[in-house]
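Just so it is clear: chains get the letters A, B, ... in the order the sequence lines come, proteins before strands, and each one is counted from 1. All values below were derived from every heavy atom in this structure, side-chain atoms included, with hydrogens, water molecules and symmetry-related copies excluded. Because the structure is a prediction, the values reported are computed rather than measured.
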Amino acid sequence: MVTAGIYLVVRMGPLFAASPSVLLLIGVIGTITALIAGSTALAQRDIKKVLAYSTVSQLGYMFLGLGSGAFAAAIFHLTTHAFFKALLFLGAGSVIHGMHEEQDMHKMGGLAKHMPRTYVTFLAGAAALSGLPLLSGFFSKDEILAHTYAHGGVYSALWILGLLTAAMTAFYTWRMVALTFAGKERFDVAKTHPHESSAVMTTPLMVLAVLSVFGGVLGLPVVFHVPHLLAEWLEPVIAPAEKLLAEHGAHATISHNTEIALLLLGAVVAVTFAVAGWNGYRAGIAADEKIAARQPALARFLGDAWGIDRAYTRLVVQPMKLVAFAIAVVIDQFAIDGLVNGAASLTRGAGERVRRMASGSITSYSLWMGAATALLVIVVLWQVGA
Amino acid sequence: MSALTLLVLLPLAGAIFVGLTPRAAVSLQRTIALLVSLAVCGLGLAVCIDFEGSSAAMQHVVDLPWFALPGASGPTAVHFKLGLDGFSILMVGLTAVLGPIVVLSTFGHITMRVKEFMVWLLVMQTGMLGVFLAQDLVLFYFFWEVSLVPLYFILGIWGGERRLYATVKFFLYTVAGSLVMMVGVIALIYRLDTTDIETLCTIAGRLPLAEQAWYFAAFALAFMIKVPVIPFHTWLADAHTEAPTSGSVILAGVLLKMGTYGLLRFCIVMFPVAAVTYAPWMMALGALGIVYGALLAMAQSDVKRLVACSSVSHLGYVVLGLFALTHAGLAGGVLQMVNHGLSTGLLFLLVGMIYERAHTRALDRFGGIALVMPVFALFLAIAVLSSVGLPGLNGFVGEYLILLGSFQSTPWIAMIAVTGVIFGAIYLLMAMRRMLFGPITNSHNKSLPDLTAREIGLMLPVVVLIVWIGVAPNTFMQRTHGSIDALVDRVERARAMLAAEAAAPSELPETAVRTAEATER
């Protein structure tokens, strides 16, 4: 569902391709999204929050791809991401189910032996997400980064940030795997009784695991000298946009050697940080506690997703509530109804005065009569005189 | 007797019958009222189905001489003239359908002075149907005032704690508008020597802007108070909050539409030149109303008041769409009148039902109602989503057409109006969440009984219509096309006339009239 935006941009490709500055904007927003969400995922304790922020981060990637004019690559990553993220979410569901609705990874650990099928399939998903060589996520992510690199200019900065995000992705993915499945149980095994889920839950995991591992064949890089299946299939949809891109020279290509170098660089980054994440958390939550103790501000900042929710509350929600209150009380009740009720009491007040004049006293009536007659006489005389 | 005469007089006859029953025979009174309203519903629907939508002409016309008004150039004949066209058909259908629903809903909450209530309810139906069908200006004004009186009593006798304040406020507000309109009606009749609305439309449309502007203003004020367009809206929240459920349903469902219908039938159709000139202001007021009403609703803690404020917002859409003066905007505005009647009517019914059980309407006294009243929760969710404009339900079709139509006419106003979609979602979904979901925070709510068969039954037709309009709006909209096409042409001629006036102000109005006539031919 969340990928509808990617689909929309690809569908309306020619419109976006016609404006390089909009494409750059899309790329910048995508990169920022990928970076913020990726760094947030580093500091989450809830297993589903890691996956949720990871999804946001991967969507940022796809937008970086769109911004680089790599429409096919964005769809490719969308597809592989669907495989492995569905797998990871279902796997997380299986874990949560087995742990009796526990979602905090700090209270998990050592689940590999309790839930072997979930563990193995989760490994496949994690490997694909982190972009370990030759798995589906590796190829799709590399294709996006290669396109970004090929653009040069401002896009070089985006490429570096993209690579940084790839490193984070590998790290938080394996941190999650380690915290959940490795090490000792950080809960009372006798009490909780973690158990493997039934076949109804594990069979879809296995299917998705196969797709996550081999999904990359849909779009192998040019250096493999095999057709890019997805790009060929999408050709009729994407061709008009690509033609436009080529016209204003935004459709850059890179040499085979550069591509191989980029593939190797991607592989090295992914493996290095995956290992770092795994090693850092294999033994338990000590690393998290160390960061929380040494850099409490940073831990809180990342754990809070850069304070974006708080900023929304402060900048949008609260001002709007204030405006609504002001409208309801100050303008509606005080100003408008003040006028309405004021008109009513003015009428009532005037009526009250007039009523008092009708007092039934002959003396006061004759006084008024005399005054009015005098006034009339003056007016008439004045008129005649004029 | 022709169908339309029967349609208008049937509720009145029913009222007389109910009035003749002994005071204690409550179930007899209820039965008569229900049967009569069902008959009106059947007849009304039959008339609406037997209607040629591609034509702009009045159909099922009844025309009987009534009395003569003395005038400067001989007497002016006033007729009892009724007719149905693309602008009135949906409103007549809505009034007919809501009739039995409202009568059924009173079984729950009107237990005191049932006879009088039913009499007023039926009289009001005559008044409302008359307003939508009248094709004579004097007759229209007659029905307009007739429909005002019953609500005065319904509010004042069966209302809540502050009913007297609300009643007087409602009455004075509305009467102030009506009187200004009466001045306009009298002036117009003496200026043009006819009371026939169709004839008036032809002649009045050719008056120069300077004259049309005054008539437009006199009529528009009355209608804007009725709608209500801000800043004339403060009577609405009080009236709705204090009215009994059935009163709120009638008020939101039909009575407010008399305002938007009047804006369309008189301010736009009869005075197109003035309408074209002042359309940007009316659209701006509409868009402002959308946002203002939504923010107002957001700040309410009483759920009934919240729904009332949402009416201000939703009717802002209608005003915006109508004064966009494009085909899409007009079609959307006409359809949205029905949509608002259905969704807001349903919301008021539901608020009434929960109030009958929980005896409170404060949002913070609820929570977790879905756990004890799942059927109620389902209906409330449908009503809220329809009101928010979820695709597949009725609100979406109307809102979309209105936003499209107003964007075609004035993009920046449409941009303001679009934010109302978000605000609408915020306050309605927030209210729904606070009522239905989460834990049950108020222990009194633990044993609330769910809806009864009667309550479900009376709401079902509304739900069916909500889905029907959402999925196949053409069943309804095709019946309005002829009239809307004709009006769009009329607006174009008015623009041409304005351009001519601007080009040669000294030759006015003969040239302009000739231009208009030439275009007509």
- line: Applying a strict 4.5 Å limit to non-hydrogen atoms, the region of B:Leu172 in contact with chain A is neither
task: For the pair B:His340 and B:His314, name the ring-plane relationship: parallel under 30°, tilted 30 to 60°, perpendicular over 60°.
output: tilted
Parallel, tilted or perpendicular: ring planes of A:Phe301 versus A:Trp306, cut at 30 and 60 degrees: tilted
message: Under a plain distance cut-off of 3.5 Å, with no hydrogens placed, do B:Lys226 and B:Thr174 share a side-chain donor-acceptor pair?
response: no
task: Give the member of B:Gln300, B:Lys169, B:Met298 that has the highest number of heavy-atom pairs under 4.5 Å with chain A.
output: B:Lys169
query: What residue, out of B:Ala237, B:Ala297, B:Ala299, has the most heavy-atom pairs lying under 4.5 Å from chain A?
result: B:Ala299
task: Considering only NZ, NE, NH1 and NH2 on the basic side and carboxylate oxygens on the acidic side, decide whether B:Arg434 and B:Asp364 come within less than 4.0 Å.
output: no
message: Parallel, tilted or perpendicular: which one describes the rings of B:Tyr400 and B:Phe396, with boundaries at 30° and 60°?
response: parallel
message: Looking only at heavy atoms and a cut-off of under 4.5 Å, which of B:Phe423, B:Phe232, B:Trp235, B:Tyr427 has the most pairs with chain A?
response: B:Phe423
Chain B contact via A:Ile331 - side chain, backbone, both or neither, heavy atoms under 4.5 Å: both
